[in-house]
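The basis for the numbers below is simple: all heavy atoms, side chains too, and nothing from hydrogens, waters or symmetry mates.
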Amino acid sequence: MRWITRERVKVDRVACPWLIRKFVDPEAEFVFLPHDTDWSLVDGTVFDVPGAELGHHGEGVSFDAILDKYGLTDPALRLLAEIVRAADSRPANPHPAGEGLRWI
């Protein structure tokens with residue numbers, strides 16, 4: 001499948017292709033287009049662009065949206081989502097699941 005996003009890769013746009021290739025679509029082809037592209041006219045699955053289903057919603061980033069859409073519930077992926085979210089945006093509570101964890 002063809003996966004399409006914006007050029008000028010940032011944290012979320014680097015993490016999402018890794019997630020997609022590893023857990024959703026091992027044969028994925030990625031296309032990076034200019035920010036001013038009309039996303040409704042592209043042929044493929046659009047992610048991390050304004051208004052996309054697989055985009056930012058509230059404090060969630062595209063990585064979160066992909067996890068949710070494809071039912072990926074592995075705790076390690078959910079923790080990685082927190083890291084991606086904190087690095088890519090400015091969430092109010094960057095590490096909610098990590099609260100109370102003890103590192104040994």
Ion pair check, Arg78 and Asp68, cut-off under 4.0 Å: yes
query: For Asp48 and His56, what are the C-alpha separation, side-chain angles and deciding distance, and is it a side chain to side chain donor-acceptor pair (under 3.5 Å)?
result: CA-CA 7 Å; Asp48 201 32; His56 291 221; 3.2 Å; yes
task: Decide if atom CG of Asp43 counts as having more than 12 heavy atoms of other residues, nucleotides or ligands within a radius under 6.0 Å.
output: no
message: Could you tell me if the side chain of Met1 sits less than 4.5 Å from the side chain of Glu27, heavy atoms only?
response: no
- prompt: Run the salt bridge (charged side-chain N to carboxylate O under 4.0 Å, His left out) check on Arg85 and Glu59 step by step: do they pass?
  reply: CA-CA 8 Å; Arg85 191 177 322 112; Glu59 289 198 348; over 6 Å; no
- prompt: What distance separates Asp36 CG from Arg6 CZ, expressed to the nearest 0.5 Å?
  reply: 12.0 Å
- request: Provide the closest heavy-atom pair for Asp12 versus Ser62 in the form atom of the first, atom of the second, distance.
  value: OD2-N, 2.8 Å
task: Just say parallel, tilted or perpendicular for the rings of Phe30 and Trp3, cut-offs at 30° and 60°.
output: tilted
query: Among the clusters formed by ILVMFWY side chains lying less than 4.5 Å apart, do Val42 and Ile20 turn up in the same one?
result: no
field: Cationic N near anionic O, under 4.0 Å, Lys10 to Asp88
entry: no
- request: Drop me the distance from Leu72's CG to Lys22's NZ, to the nearest 0.5 angstrom.
  value: 13.0 Å
statement: Closest heavy-atom pair, Trp39 versus Val46, reported as atoms and distance to 0.1 Å, is O-CG2, 4.0 Å
message: Could you go through Leu80 and Trp18, starting from their C-alpha distance and side-chain angles, then the distance that decides it, and tell me whether this counts as side chain to side chain contact (heavy atoms under 4.5 Å, CB included)?
response: CA-CA 12 Å; Leu80 183 54; Trp18 172 83; 3.6 Å; yes
Close side-chain approach of Phe32 and Ile4, heavy atoms under 4.5 Å: no
message: Hydrophobic clustering (ILVMFWY, side-chain heavy atoms < 4.5 Å, transitive) - are Val31 and Leu19 grouped together?
response: no
message: Working to the nearest 0.5 angstrom, can you tell me the gap between Leu41 CG and Leu33 CG?
response: 11.5 Å
- prompt: Side chains of Leu79 and Glu82: does their closest heavy-atom pair fall under 4.5 Å?
  reply: yes
message: Tell me whether His35 contacts the main-chain N or O of Val49 through its side chain, where contact means a donor paired with an acceptor under 3.5 Å.
response: no
Non-hydrogen atoms of Ala52 and His57 that approach each other most closely: O-NE2, 3.1 Å
- line: Of all heavy-atom pairs linking Phe47 and Thr5, the shortest is O-OG1, 2.7 Å
query: If every non-hydrogen atom of Ala28 is compared with every non-hydrogen atom of Arg21, which pair is closest and at what distance?
result: O-NH2, 2.6 Å
- prompt: Linking I/L/V/M/F/W/Y whenever any side-chain heavy atoms sit under 4.5 Å apart, do Leu54 and Val9 land together?
  reply: yes
